Amino acid sequence: MRPLRSVSRFAIAAMFFFAVNPARAQSPKRMTFDDVIALKAVSDPQLSPDGRWVAYVVSHADMTADAADPDIYIVAAAGGDPVRLTTSKKADTSPRWSPDGKWIAFISARDEKPQIYLISPSGGEADALTSSKSGIGSFQWSPDGKRIAFVAQRDLTADEEKKQKDKDDAVVIDQQFRFTQLSTIDVATKKVTIVVNGAFQASDPQWSPDGSRIAYVTNPTPKADDGTVSDIFTVSSEGGTPKKLVENEGPDAAPRWSPDGTSIAYLTRPGKPTAVGLLQLAVVSADGGTPRMVAPGFLYQPGAATWSNDGATIYFTSPVRTTTQLFSVASAGGTPKQLTAAKGVISNATFSRDRSSFAVTFQDLQHTSDVHVATVANASALTRVTDHNPQLRSLALGKSEIVHWKSKDGMDVEGILVYPVDYQPGKRYPMVAEIHGGPAGSWMENFPGGWTDAAHVWAGRGWAVFFPNPRGSSSYGEKFLRANIKDWGAGDYRDIQTGIDNMIAKGIADSTKLAQSGWSYGGYMTAWTLTQTNRFKAVMVGAGLTDMASMYGTNDIPRTIDGYFEAEPWNDAAQYTARSAMTYIKQARTPTLIQHGQADQRVPIGQSQELYLGLKKNNVPVELVFFPREPHGLMEPRHQLDKMTREYDWFAKYVLGENKNIVP
């Protein structure tokens, strides 16, 4: 239930650019919400097999099309000017090098349906490889570079196409699925061969080193609620009868072959699919059998595995509190070794063929994401090779730090604080507490420059911004993650409020000028908060859960609620009632802005409508805003800009007492 990349936003060498900067000192321009929308997002770095080049994605907001426009870039690992390889107005994503490094395959939606295209790293026109009627999902090159495995929805039958054209399109719930199928395409002839086709959802194809088999992940349906019901199969790359890798009721995912093809590393969680817990790294014979946990004592959740060439070591990234780090572990089992010491977030580590070097994106609280490279032998020495947001050097940003406090029951909790620009010790400032989604999200040391966390804009306007990671956050180990089971609105609520108390006690926050905001589970917590305390002058509830019983029956991931409540509402009505903000709506007094994507299926809009009516009937100042077409997270740049601007104006009016006319 989280739209924001709290866990998921991951330059040490670049920090000298942002030290004391004369230009900033002379002209301290403050960051604006328009500046946030103008930021370029760098992602998916792919190191070439020889380690000399990095292909990656840069996305910017196309305000004319009112959409994100991602394109493929390439840069030398030794540094230099990046080259933009694609210029389509549609999305170009997922660059993947051919094994010989002569081609880059990528997915483009330039011709309506996403297709695989090929382009030379030296540039030129891209050539469409596939012509799928339904569009391509994930894909992977074969080891010899002659074929590509991909997944795509099955094509409509002639009868289905006719019904669609005639608008004879009644939907029978849980019955009319269009499943994805696993296919291969011959790069030279463009001949497509269906490898696996059945009543299941296929994803993440992975070739065996000799190209004879493909491992892939299945889910029973495309429903979001079946996302944790995943299994791994292997099949001949020519087709045939698939073989299930392991028997496990819980999720199995991210299969990665060992270099000799005898083993597969993967991520798993034993137990029921509804269980709340971290995935573990396991290894099993490629022919199936009993798996073994590689690092059973590891506190955090590992990402997908990368094997060393000799098969003795496995590399992976993992969130560690407010950072993300690269680790190695013996494939035979042992204690993982942390290879990096990043004071920020690294993501998407990809390695050269000889595993001597790797590329990542790196960002921290003062710097946006850029491509970095390093050697495995000296992994902490990240070198930045791109600079896609140089304009930040002319902006005055708030300093930031990690803060710690003890909750009412003695639990250690931490979070992130962004200070006002030109902060003066001893002076108190208005403060907004931003609550993350999930509830298993975590605020990380990434640049707070998105539509849910634009802290530097607030800092430039004299606010402190507080990002607490209460119990239930996922980057502090499984015990901390599970600490809010059957306890929503209790321990986690107290963690946040004691954190705010700590900011007041330190003389930073003005207790008479407090605000709180959150989206998804952060919206739940903010709706809950406004019915439990009147300490805040204003709040913003974004796509928040307000009535847990009605939420359970109308949202698209009831299994998640099962995991936290450990019962359905008809079997434990008292708990669902006790954990719902609407139960206590008559206690609410805080002016409330409610914002919600109108096409949201994760948290249906009825949750916001219930809160709106309850507040309005009880004479609490309230405004409800729906964003047309938007799902659980806002996708359209104009809506993102509206959300940020409207929220600030609401808080300026009710917290600061400014005579604001809220944008209609």
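As the structure is a prediction and not an experimental result, all values here were calculated from the model.
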Between Asp370 and Lys40, does any side-chain N to carboxylate O distance fall below 4.0 Å? no
**Thr323 and Glu445 side chains, donor-acceptor separation under 3.5 Å** = no
Across all chains, not counting sequence neighbours, the side-chain contact (heavy atoms from CB on, under 4.5 Å) partners of Ser550 are Asp547, Gln607, Glu610
By side chain to side chain donor-acceptor pair (under 3.5 Å), Arg30 pairs with (sequence neighbours left out) Asp422
Sorted by chain and number, sequence neighbours left out, ring pair (Phe, Tyr, Trp, His ring centres under 6.0 Å) with Tyr612 holds for none
Report task. Would you kindly check if the NZ (Lys) or CZ (Arg) of Arg461 is within the cone defined by 45 degrees around the ring axis of Tyr648 and under 6.0 Å from the six-membered ring centre? Result -> yes
Check: Sub-3.5 Å donor-acceptor pair from the side chain of Gln366 to the main-chain atoms of Leu397, do we have one?
Finding: no
Where the side chain of Ser369 meets the backbone of Gln363, is there a donor-acceptor pair that is under 3.5 Å apart? no
Point to revise | Heavy-atom neighbours of Gln601 CD exceed 12 at 6.0 Å | key: no
Ring-face cation contact, Tyr419 with Lys399, 6.0 Å cut, 45° max: yes
Check whether any side-chain heavy atom of Leu634 lies under 4.5 Å from a side-chain heavy atom of Phe627, and answer yes or no. yes
From the list Trp570, Tyr564, Phe565, ring-ring contact (aromatic ring centres under 6.0 Å, His included) partner of Tyr552 resolves to Trp570
Those residues at least two apart in sequence (or on a different chain) that pass ring pair (Phe, Tyr, Trp, His ring centres under 6.0 Å) with Phe467 are Trp443
Starting from the C-alpha separation in whole Å, work towards a yes-or-no answer on side-chain contact (heavy atoms from CB on, under 4.5 Å) for Asn446 and Asp453. CA-CA 10 Å; Asn446 56 266; Asp453 62 351; 3.8 Å; yes
Note to self: Looking at Met411, I want to see if its CE is surrounded by more than 12 non-hydrogen atoms of other residues, nucleotides or ligands under 6.0 Å.
What the structure shows: yes
Separation between CD (Gln598) and OG (Ser608), nearest 0.5 Å, reads 11.0 Å
The complete set of ring pair (Phe, Tyr, Trp, His ring centres under 6.0 Å) pairs with one or both residues in residues 391-415, sequence neighbours excluded, reads Trp405-Phe466
(message) Do Leu39 and Thr368 have side chains that approach each other closer than 4.5 Å (heavy atoms only, starting at C-beta)?
(response) yes
Between the CG atom in Asp510 and the CE atom in Met431, the distance rounded to the nearest 0.5 Å is 10.0 Å
Examine distances only and state if a side-chain atom of Thr592 and a backbone atom of Thr590 form a donor-acceptor pair shorter than 3.5 Å. yes
Residues passing the salt bridge (Lys or Arg N to Asp or Glu O under 4.0 Å) test with Asp556, sequence neighbours excluded, are Arg602
Between Thr32 and Asp35: side-chain donor-acceptor atoms closer than 3.5 Å: yes
Next on the checklist: Can a donor-acceptor pair be found, under 3.5 Å and without considering hydrogens, that links the side chain of Arg428 to the backbone of Ile504?
Outcome noted: yes
Would you check if the side chain of Thr645 reaches a backbone N or O of Asp642 as a donor-acceptor pair within less than 3.5 Å? no
Note to self: I'd like to know if the side chain of Gln325 pairs up with that of Ser318 as donor and acceptor (distance under 3.5 Å, no hydrogens or angles considered).
What the structure shows: no
Note to self: Strictly distance-based, threshold 3.5 Å: is any side-chain N or O of His436 a donor or acceptor partner for the main-chain N or O of Met444?
What the structure shows: no
Might you work through the side-chain contact (heavy atoms from CB on, under 4.5 Å) test for Ile605 and Gln609, ending with a clear yes or no?
CA-CA 6 Å; Ile605 61 173; Gln609 290 172 315; 4.2 Å; yes
Have Asn348 and Thr361 got a donor and an acceptor in their side chains that come within less than 3.5 Å? no
Angle class for the Phe480/Tyr476 ring planes (parallel below 30°, perpendicular above 60°, tilted otherwise)?
tilted
Lys223 meets the side chain to side chain donor-acceptor pair (under 3.5 Å) criterion, sequence neighbours left out, with Asp174
Those residues at least two apart in sequence (or on a different chain) that pass ring pair (Phe, Tyr, Trp, His ring centres under 6.0 Å) with His388 are Tyr56, Tyr73
Heavy atoms of Asn618 and Gly614 approach each other most closely as ND2-O, 2.7 Å
Which class fits the ring pair Trp519 and Trp451: parallel under 30°, tilted 30 to 60°, perpendicular over 60°? perpendicular
Sorted by chain and residue number, the side chain to side chain donor-acceptor pair (under 3.5 Å) partners of Gln391 (sequence neighbours excluded) come out as Asn389
What one should report as the nearest heavy-atom pair of Met63 and Pro637 is SD-CB, 3.6 Å
Nearest heavy-atom contact between Ile561 and Tyr576 is CG2-OH, 3.5 Å
- Item | Validation row: Asp492, Tyr521 side chains within 4.5 angstrom (heavy atoms) | yes
(request) Could you check Trp488 against Gln575 for side-chain contact (heavy atoms from CB on, under 4.5 Å), going step by step and ending with a plain yes or no? (result) CA-CA 10 Å; Trp488 283 25; Gln575 181 188 186; over 6 Å; no
Before accepting this row, confirm whether a basic side-chain N of the pair Arg482/Asp487 lies closer than 4.0 Å to the acidic partner's carboxylate O. no
Begin with the C-alpha distance, continue with both residues' side-chain angles, and end with the deciding distance and a verdict on salt bridge (charged side-chain N to carboxylate O under 4.0 Å, His left out) for Asp501 and Arg535. CA-CA 11 Å; Asp501 293 341; Arg535 77 188 305 188; 2.6 Å; yes
Looking only at heavy atoms, the pair that brings Gly449 and Val36 closest together is O-CG1, 3.2 Å
Heavy atoms of other groups near Lys506 NZ, more than 12 under 6.0 Å: yes
Taken in chain and number order and not counting sequence neighbours, the residues that satisfy side-chain contact (heavy atoms from CB on, under 4.5 Å) with Gln532 are Tyr493, Trp528, Tyr584
Practice task
Determine yes or no for a side-chain-to-main-chain donor-acceptor pair under 3.5 angstrom, with Ser580 supplying the side chain and Met582 the backbone.
Solution key: no
TODO: Please check if the side chain of Gln595 supplies one atom and the backbone of Phe626 the other of a donor-acceptor pair under 3.5 Å.
DONE: no
Problem set entry | Residues Asp364, Lys343: salt bridge by 4.0 Å N-O rule | no
Those residues at least two apart in sequence (or on a different chain) that pass salt bridge (Lys or Arg N to Asp or Glu O under 4.0 Å) with Asp409 are Arg471
Using the side-chain contact (heavy atoms from CB on, under 4.5 Å) rule, take Thr324 and Ile346 through it: C-alpha gap first, then chi angles, then the decisive distance, then the call.
-> CA-CA 6 Å; Thr324 306; Ile346 63 174; 4.2 Å; yes
Residues passing the side chain to side chain donor-acceptor pair (under 3.5 Å) test with Thr228, sequence neighbours excluded, are none
